[in-house]
K.L.:
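After the structure tokens below, expect a handful of questions from me.
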Amino acid sequence: MTHITSKPPILLSILIPTYNYRAGIERILEVLSPTCEDIEVIVFDDTPDSGIQSTIMGFADTIPLLTYRHNPTHVGAALGAGANWNALLDAASGEYVLLLHHDEVPLDRGFTNMLRNRLTIRSRADVYMLDLVLVNENLDPIRRHVPSWVRCWVPRRAPNYLFRRNVIGPTGTLIIRRDCAPRFDPDLRWLIDVDFYRRLIDRTSKWAVATDIRIASVQRNVGTITAHLSDHLTEIDTAERKVLAERYPKAKLWLQASLGARLLWIETLAWAVLKMGIWSTALLQKTRRRSFRIDYR
């Protein structure tokens, strides 16, 4: 009798878009190695040359379900950020997806096992929100993005406020059930992520918080989308807010380039107080020598 061993279905697709940042993609893959047999890793590279391909494929032994695609070779040209993210979502086969940009990195060596344990419980959510820590390029902690209660309260109670303050942060902090994930609007460049989040909120009902699983967002001054758009950011922001105001009529209050004077003053003051609390907590943690840094050795 012949026994046929079937492969387990893919539980999670970790999707990594990259552009000309070898150190970032290498840092991520080091943390992901080794992965479980039901977690796939897909890297789509928009870099003009294929110089980082050998670096990525060097992890093939420790990440068996590793797929690499160099876009200029496969599709004839770089796709651009939004289109590349959509291509990754289309290529995913996991029950859940995690879109992890090359400026982000998990802070826990057992990251994939932690994710797997969370996603295999009986009662599962549509979206899991991971903890988010801002770090420098040496992975030294700067501070938390915003308190977890703010990141949880806004999507559930005031989702349109995301157009004023992106309290969720980068996409790498969300694990999303694949059949719930919308696609990005490639015509947007600056507000593309909050538009994605707003539509995601409309398509999902159950969000869960996983503050024990940490993602770091590496704060760089060059090579980022923000840096690329910086010279024309005001014009881009204004134009995109006009487009989104038509798409989300009920969100016009937060999509205005400037709020009414009284509301603007109150909101800005409240946010300043919140930020002071965040910075105070960060200083206290530093004084106590509590570090979020991971040892990659």
Side-chain angles (χ1 to χ4, degrees), residues 10-16 27-41 63 94-101 103-136 139-157 166-178 180-181 197 200-201 204-219 274 277-297:
I10 303 300
L11 175 66
L12 173 66
S13 298
I14 300 178
L15 312 174
I16 310 173
R27 186 165 50 203
I28 294 172
L29 295 178
E30 284 179 352
V31 180
L32 296 183
S33 303
T35 57
C36 309
E37 61 181 358
D38 54 358
I39 296 178
E40 67 177 358
V41 178
I63 307 178
E95 182 180 355
Y96 287 88
V97 294
L98 170 61
L99 184 65
L100 194 64
H101 298 301
D103 285 323
E104 295 138 30
V105 61
L107 280 172
D108 301 286
R109 173 59 75 177
F111 180 72
T112 54
N113 285 326
M114 296 171 74
L115 293 183
R116 190 176 187 280
N117 291 339
R118 188 59 54 93
L119 296 177
T120 52
I121 61 176
R122 180 173 299 177
S123 176
R124 288 182 286 177
D126 297 323
V127 180
Y128 290 89
M129 184 180 295
L130 311 182
D131 195 14
L132 176 60
V133 180
L134 307 185
V135 302
N136 62 24
L139 299 188
D140 298 316
I142 301 173
R143 60 177 173 83
R144 273 193 166 80
H145 176 51
V146 294
S148 296
W149 69 266
V150 176
R151 299 179 69 223
C152 297
W153 186 85
V154 169
R156 183 170 61 246
R157 301 297 183 185
N166 179 8
V167 300
I168 292 177
T171 61
T173 62
L174 297 183
I175 301 173
I176 305 168
R177 193 182 296 273
R178 181 166 59 94
C180 296
Y197 298 152
L200 175 65
I201 291 167
T204 53
S205 58
K206 187 176 181 181
W207 286 49
V209 181
T211 54
D212 58 317
I213 307 177
R214 305 170 302 167
I215 293 291
S217 177
V218 181
Q219 304 301 289
L274 178 64
I278 296 171
W279 279 105
S280 298
T281 302
L283 289 172
L284 181 61
Q285 290 172 340
K286 186 175 182 179
T287 302
R288 292 176 176 174
R289 299 182 181 276
R290 293 172 57 190
S291 175
F292 297 108
R293 187 171 180 177
I294 183 173
D295 184 1
Y296 286 99
R297 293 175 294 175

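Values in this document were obtained by computation on a predicted structure and should not be read as measured data. Side chains are part of it too, since the values below use all heavy atoms of this structure and drop only hydrogens, waters and symmetry mates.
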K.L.:
Tell me, do Thr171 and His101 make a side-chain contact under 4.5 Å, heavy atoms counted?
P.N.:
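Yes, close enough: below the 4.5 Å cut-off.
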K.L.:
So how far is it from Thr35 OG1 to Ile14 CD1, rounded to the nearest 0.5 Å?
P.N.:
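Rounded to the nearest 0.5 Å, the OG1-CD1 separation comes to 7.5 Å.
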K.L.:
Would you check if Ile16 and Leu32 make a side-chain contact, meaning some heavy-atom pair closer than 4.5 Å?
P.N.:
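Sidechains of Leu32 and Ile16: in contact.
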K.L.:
Please enumerate all residues that pass side-chain contact (heavy atoms from CB on, under 4.5 Å) together with Asn113, with sequence neighbours excluded.
P.N.:
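Here the qualifying residues are Cys36.
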K.L.:
Report the residues that fulfil side chain to side chain donor-acceptor pair (under 3.5 Å) with Tyr197, sequence neighbours left out, ordered by chain and then residue number.
P.N.:
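Tyr197: no side chain to side chain donor-acceptor pair (under 3.5 Å) contacts found.
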K.L.:
When you look at Leu98 and Leu115, which way does the side-chain contact (heavy atoms from CB on, under 4.5 Å) test go after all the steps?
P.N.:
CA-CA 10 Å; Leu98 170 61; Leu115 293 183; 4.3 Å; yes
K.L.:
Consider side-chain contact (heavy atoms from CB on, under 4.5 Å). Of Val209, Ile201, Leu200, which one does Val127 pass it with?
P.N.:
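It is Leu200; the other options fail the test.
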K.L.:
Can you confirm whether Leu130 sits close enough to Pro106 that some side-chain heavy atom of one is under 4.5 Å from a side-chain heavy atom of the other?
P.N.:
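No. Closest side-chain heavy atoms not under 4.5 Å.
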K.L.:
What residues, two or more places apart in sequence or in another chain, satisfy side chain to side chain donor-acceptor pair (under 3.5 Å) together with Glu104?
P.N.:
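For Glu104, no residue satisfies side chain to side chain donor-acceptor pair (under 3.5 Å) once neighbours in sequence are set aside.
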K.L.:
Which heavy atom in Pro141 sits nearest to a heavy atom in Val133, and how many Å separate them?
P.N.:
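In terms of heavy atoms, the two residues are closest at CB-CG1, 4.4 Å.
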K.L.:
Should the heavy atoms of other residues, nucleotides or ligands under 6.0 Å from CZ of Arg157 be counted, would the total exceed 12?
P.N.:
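Not more than 12 within 6.0 Å, no.
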K.L.:
By the definition side-chain contact (heavy atoms from CB on, under 4.5 Å), identify the one residue from Leu132, Leu100, Asp103 that meets it with Pro170.
P.N.:
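Among Leu132, Leu100, Asp103, the one that satisfies the side-chain contact (heavy atoms from CB on, under 4.5 Å) with Pro170 is Leu132.
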K.L.:
Taking side-chain contact (heavy atoms from CB on, under 4.5 Å) as the definition, give me every residue that meets it alongside Glu95, ordered by chain and number, with sequence neighbours left out.
P.N.:
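side-chain contact (heavy atoms from CB on, under 4.5 Å) check on Glu95 returns Leu11, Arg124, Arg177.
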K.L.:
Under the rule for side chain to side chain donor-acceptor pair (under 3.5 Å), what residues qualify as partners of Thr173, not counting sequence neighbours?
P.N.:
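For Thr173, the residues satisfying side chain to side chain donor-acceptor pair (under 3.5 Å) (neighbours in sequence not counted) are Arg151.
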K.L.:
Evaluate the side-chain proximity of Glu30 to Val105: yes if any heavy-atom separation is below 4.5 Å, no if none is.
P.N.:
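Sidechains of Glu30 and Val105: no contact.
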K.L.:
Work out which heavy atom in Asp126 is nearest to a heavy atom in Ser205; give both atom names and the distance.
P.N.:
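Shortest heavy-atom separation between Asp126 and Ser205 comes out as OD2-N, 3.1 Å.
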K.L.:
How about Met129 and Leu174: do any of their side-chain heavy atoms sit closer than 4.5 Å?
P.N.:
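A side-chain contact under 4.5 Å exists here.
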K.L.:
For residues Thr211 and Ser148, report the shortest heavy-atom separation together with the two atoms involved.
P.N.:
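For Thr211 versus Ser148, the nearest heavy atoms are CG2-OG, 3.4 Å.
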K.L.:
So Asp131 and Arg144, do their side chains get closer than 4.5 Å, heavy atoms only?
P.N.:
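Result yes, sub-4.5 Å side-chain heavy-atom pair found.
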K.L.:
To the nearest 0.5 Å, what is the distance between CG on Asn117 and OG1 on Thr112?
P.N.:
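Rounded to the nearest 0.5 Å, the CG-OG1 separation comes out at 9.5 Å.
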K.L.:
For Arg27 and Leu29, indicate whether the former's side chain and the latter's backbone hold a donor-acceptor pair under 3.5 Å.
P.N.:
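The answer is no, because no donor-acceptor pair under 3.5 Å joins these two groups.
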K.L.:
Taking side-chain contact (heavy atoms from CB on, under 4.5 Å) as the definition, give me every residue that meets it alongside Ala125, ordered by chain and number, with sequence neighbours left out.
P.N.:
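Once residues adjacent in sequence are excluded, the partners of Ala125 under the side-chain contact (heavy atoms from CB on, under 4.5 Å) criterion are Tyr128, Lys206, Ala208.
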K.L.:
Say you draw a straight line from CG of Leu107 to CD1 of Ile215; how long is it, rounded to the nearest 0.5 Å?
P.N.:
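Atom-to-atom, Leu107:CG and Ile215:CD1 are 7.5 Å apart.
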K.L.:
Less than 4.5 Å apart, any side-chain heavy atom of Asp38 and any of Leu12?
P.N.:
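They are not in contact (no side-chain heavy atoms under 4.5 Å apart), so the answer is no.
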K.L.:
Output yes when Arg214 and Asp108 qualify as a salt bridge under the 4.0 Å nitrogen-oxygen rule, no when they do not.
P.N.:
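Judged by the 4.0 Å cut-off on N to carboxylate O distance, Arg214 and Asp108 do form a salt bridge.
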K.L.:
Can you tell me if CD on Glu37 sees more than 12 non-hydrogen neighbours from other groups inside 6.0 Å?
P.N.:
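Atom CD in Glu37 is not packed in, count stays at 12 or less.
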K.L.:
Suppose we screen for side chain to side chain donor-acceptor pair (under 3.5 Å). Which residues come up paired with Ser33, at least two apart in sequence or across chains?
P.N.:
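Partners of Ser33 under the side chain to side chain donor-acceptor pair (under 3.5 Å) test: Thr62.
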